[in-house]
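What follows is a set of notes on a single structure, which appears directly below.
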Amino acid sequence: MKMTVHKKELYVQSRGWIPTLYDISKEILEIVKVSGVVNSTCCIASYHTTCSVIIQECLHDIYSFGFEF
């Protein structure tokens, strides 16, 4: 069995004390496409304690609270 690992880092900048949300879906899809990996698991992690990675399934919730990407 052949194992392939592909690593890429994304950098985003917050707006200070204002909660900041970024939709990185397009970037992740592009990274997976470029990697050439077809069947795999994509692991996304945050290196900083005050940052978190969430999966947002209902975008209407974000827009209801006034957040924009």
Side-chain angles (χ1 to χ4, degrees):
M1 175 199 300
K2 179 182 176 186
M3 178 179 245
T4 301
V5 175
H6 184 83
K7 179 182 174 183
K8 176 74 177 174
E9 293 182 10
L10 296 177
Y11 296 92
V12 295
Q13 179 65 45
S14 68
R15 295 180 286 167
W17 295 103
I18 301 170
T20 307
L21 302 174
Y22 292 99
D23 183 358
I24 59 171
S25 302
K26 291 177 185 175
E27 289 88 343
I28 299 302
L29 290 173
E30 183 63 26
I31 291 168
V32 171
K33 180 180 176 182
V34 169
S35 75
V37 175
V38 179
N39 295 313
S40 186
T41 300
C42 182
C43 177
I44 302 169
S46 166
Y47 291 117
H48 198 278
T49 58
T50 59
C51 179
S52 62
V53 177
I54 64 169
I55 298 172
Q56 180 64 35
E57 295 184 34
C58 301
L59 284 178
H60 66 276
D61 292 341
I62 291 175
Y63 297 121
S64 296
F65 292 115
F67 293 115
E68 294 183 17
F69 292 115

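- Put simply, Ile31 and Val12 are part of the same group of oily side chains (I, L, V, M, F, W, Y) that touch within less than 4.5 Å, one to the next.
- Checked against salt bridge (charged side-chain N to carboxylate O under 4.0 Å, His left out), Lys33 has no partners two or more places apart in sequence or in another chain.
- Checked against side-chain hydrogen bond (donor to acceptor under 3.5 Å, both in side chains), Thr41 has no partners two or more places apart in sequence or in another chain.
- The distance from the SG atom of Cys42 to the NZ atom of Lys8 is 13.5 Å, given to the nearest 0.5 Å.
- Take Ile24 and apply the side chain to side chain contact (heavy atoms under 4.5 Å, CB included) test, not counting sequence neighbours, and it matches Leu10, Tyr22, Glu27, Ile28, Ile44.
- With sequence neighbours excluded, the residues forming a side chain to side chain contact (heavy atoms under 4.5 Å, CB included) with Lys7 are Glu9, Tyr47, listed by chain and number.
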